[in-house]
Amino acid sequence: MFKVKTHNSISILGLNRFPRESYEVGGDIAHPDAIMLRSYKMSMDDVVDTLLAVGRAGAGVNNIPVNDYTEKGIVVFNTPGANANAVKELVLTGLLLGSRGIVQGVQYVESLTEEKDAAAMGKLLEAEKKRFKGTEVTGKTLGVVGLGAIGSLVASMALDLGMKVVGFDPALSIEAAWRLPNRVEKMENLHSLFAKSDFVTIHVPALDSTRGMVNADVLASAKSGLKLLNFARDEIVDVASVVKALDDKKISAYISDFPRPELIGRSDCISMPHLGASTAEAEDNCAIMAADQLIDFLENGNIKNSVNFPALTLERSTGHRITFSNNNVPKMLGNVLSILADENINVIDMLNKSRGDVAYNILDVDVQPTQELLEKIAAVNGVIRVRAL
């Protein structure tokens, strides 16, 4: 029986994916095979010898020490795209709030606590509403930075609204390119995108290469009056540079899902309390995807949507499977295959892939592997972890 420990409140639709006859799932499991979580901050203290995988019901994994877990052979999964529609809809909200004085108008109406006469209030509002006049988004240009699962949805939405869309993504995958509408104009760099856009929305992950990517240098290229939206990660945007650009009237608004003290109280900033994936549907979708990925890994050794191991899926050709991870150095697979040959074990099917410094292997064999065999494989210098399924 597999044991899955949970942290945070996980959608029941996700938890129900684990078959009760073969899984024990709960928050008080001492020696789990896998951990499923949302925002819980993990550390090496959470690692036990039995832990094989961590499933994050969400896209970001900044709450998990991924590099340390990789060295232990622990596969870390996330759920890219499961909350994409929820974020897309919040980006639409941000676009509309940023283009018209909706927030300011609502705040003004709520301030009229002393006005008791409806007719007088109506006359006052008719006189004052011009203060909150905005512009329509139709015909404006939206720059989309990051054209993955969320960015491509945002681009399609903007086109449906009658906007022009330009996009930039230095790491655009073939799969993402197929999803992208052909009416999206590709930009060569951030500077050209910011120079051409009335609005810019950010949809890239927080990596060493993306932290602070929207900075003073990029903002200097911005079209005058540009409105910047950030519903990705706080650290992608250098807030000090944004504040200066706002003060200098280089950009006219910053709409963000990541409140910062220096932004509070500014009429040119709209800050939301990290609402991007805060819908019941997104939480369900993330939990279901995370559970399905953990099940396929625990039962079959397949890996999909891991942030630290290569994607690897092999249909079962026999009832006996060996998986192992290793340092990505020469002759590792050959050494393991030699051990199997010495034991007269035939490999029916196999798959091997690497990602950075780590490699992962699936071998379907014709006989049940013994514990002694697994120990021989584990003893090979450079093997990180070995399992029999």
Side-chain angles (χ1 to χ4, degrees), residues 9 39 83 85-143 150 153-154 157-158 160-164 197-203 214 219 222-234 237 239-283:
S9 177
S39 58
N83 59 9
N85 188 71
V87 177
K88 179 203 76 175
E89 291 186 2
L90 194 63
V91 171
L92 172 58
T93 303
L95 278 172
L96 298 178
L97 293 179
S99 62
R100 305 179 67 171
I102 298 169
V103 172
Q104 298 85 349
V106 170
Q107 291 173 340
Y108 174 71
V109 171
E110 290 296 318
S111 73
L112 302 178
T113 56
E114 301 300 319
E115 184 59 69
K116 306 301 181 185
D117 183 82
M121 178 180 284
K123 185 176 181 180
L124 176 63
L125 293 176
E126 281 298 314
E128 295 294 330
K129 70 179 184 181
K130 60 182 178 291
R131 293 165 47 190
F132 312 112
K133 184 175 72 172
T135 60
E136 298 179 13
V137 298
T138 298
K140 304 299 189 299
T141 297
L142 175 67
I150 296 174
L153 284 180
V154 169
M157 173 198 71
D160 290 341
L161 291 171
M163 301 184 77
K164 301 172 185 177
S197 301
D198 300 297
F199 299 84
V200 169
T201 180
I202 311 296
H203 300 290
V214 179
L219 291 170
K223 181 178 180 180
S224 181
L226 178 144
K227 297 177 174 67
L228 177 63
L229 292 83
N230 180 14
F231 292 89
R233 281 289 180 266
D234 181 36
V237 173
V239 174
S241 298
V242 168
V243 169
K244 188 176 188 307
L246 290 167
D247 289 342
D248 294 344
K249 307 301 181 184
K250 181 62 175 175
I251 65 175
S252 61
Y254 182 51
I255 302 99
S256 167
D257 209 16
F258 312 99
R260 293 279 290 270
E262 56 266 53
L263 304 177
I264 304 302
R266 295 189 63 114
S267 61
D268 50 9
C269 290
I270 299 173
S271 298
M272 304 178 194
H274 203 182
L275 298 177
S278 294
T279 68
E281 294 87 349
E283 291 180 6

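For the salt bridge (charged side-chain N to carboxylate O under 4.0 Å, His left out) test, residues two or more places apart in sequence or in another chain that qualify with Glu262 are Arg260. Among residues two or more places apart in sequence or in another chain, the side chain to side chain contact (heavy atoms under 4.5 Å, CB included) test is passed with Ala222 by Phe194, Leu226, Lys250, Ile251. Scored by the side chain to side chain contact (heavy atoms under 4.5 Å, CB included) test, Thr279 finds Ala86, Glu281, Ala282 as partners (sequence neighbours excluded). Evaluation of the side chain to side chain contact (heavy atoms under 4.5 Å, CB included) rule for Ser267 yields no partner, not counting sequence neighbours. In this view, Thr201 and His203 satisfy the side chain to side chain donor-acceptor pair (under 3.5 Å) rule, not counting sequence neighbours. Take Lys223 and apply the salt bridge (charged side-chain N to carboxylate O under 4.0 Å, His left out) test, not counting sequence neighbours, and it matches Asp198.
Contact record, Leu97 with Val103: CD2-CG2, 3.9 Å, taken as the closest heavy-atom pair.
Looking only at distances, a side-chain donor or acceptor of Asn230 sits under 3.5 Å from a matching main-chain atom of Arg233.
The shortest distance between side-chain heavy atoms of Leu112 and Leu125 falls below 4.5 Å. In this structure the side chain of Met121 never reaches within 4.5 angstrom of the side chain of Leu124, judged on heavy atoms. For the pair Leu161 and Leu92, the minimum side-chain heavy-atom distance is below 4.5 Å.
With values rounded to the nearest 0.5 angstrom, Leu219 atom CG is found 6.0 Å from Ser241 atom OG. Atom CD1 of Ile270 and atom CG of Leu263 lie 11.5 Å apart (nearest 0.5 Å). For the atom pair Lys227 NZ and Ser197 OG, the distance stands at 12.5 Å (nearest 0.5 Å). Note that the CD1 atom of Ile202 and the CZ atom of Phe231 stand 11.0 Å from one another [nearest 0.5 Å]. Note that CD1 of Ile255 is 7.5 Å distant from CG of Leu228, once rounded to the nearest 0.5 Å. Remark: Leu142 CG to Lys164 NZ distance equals 13.0 Å, nearest 0.5 Å.
Listed by first and then second residue, the ring pair (Phe, Tyr, Trp, His ring centres under 6.0 Å) pairs involving residues 258-279 are Phe258-His274 (not counting sequence neighbours). Residue pairs meeting the side-chain hydrogen bond (donor to acceptor under 3.5 Å, both in side chains) criterion with at least one member in residues 106-127, sequence neighbours excluded: Glu126-Lys129. The side-chain hydrogen bond (donor to acceptor under 3.5 Å, both in side chains) contacts involving residues 88-100 comprise Asn85-Lys88, Asn85-Glu89, where partners must be two or more places apart or lie in separate chains. Among residue pairs with one or both ends in residues 85-105, none qualify as ring pair (Phe, Tyr, Trp, His ring centres under 6.0 Å); sequence neighbours excluded.
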Distance-only criterion, 3.5 Å: show the donor-acceptor pairs between side-chain atoms of residues 242-249 and protein atoms not counting sequence neighbours.
from	atom 1	to	atom 2	distance (Å)
Lys244	NZ	Asp248	OD2	2.7
Asp247	OD1	Arg266	NH1	3.0
Asp247	OD1	Arg266	NH2	2.8

Report, one line per pair, each donor and acceptor closer than 3.5 Å where one atom sits in a side chain of residues 130-137; sequence neighbours left out.
from	atom 1	to	atom 2	distance (Å)
Lys130	NZ	Ala127	O	2.6
Arg131	NH1	Glu128	OE1	2.9

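Counting heavy-atom neighbours within 6.0 Å of Lys140 NZ, excluding the residue itself, gives a total above 12.
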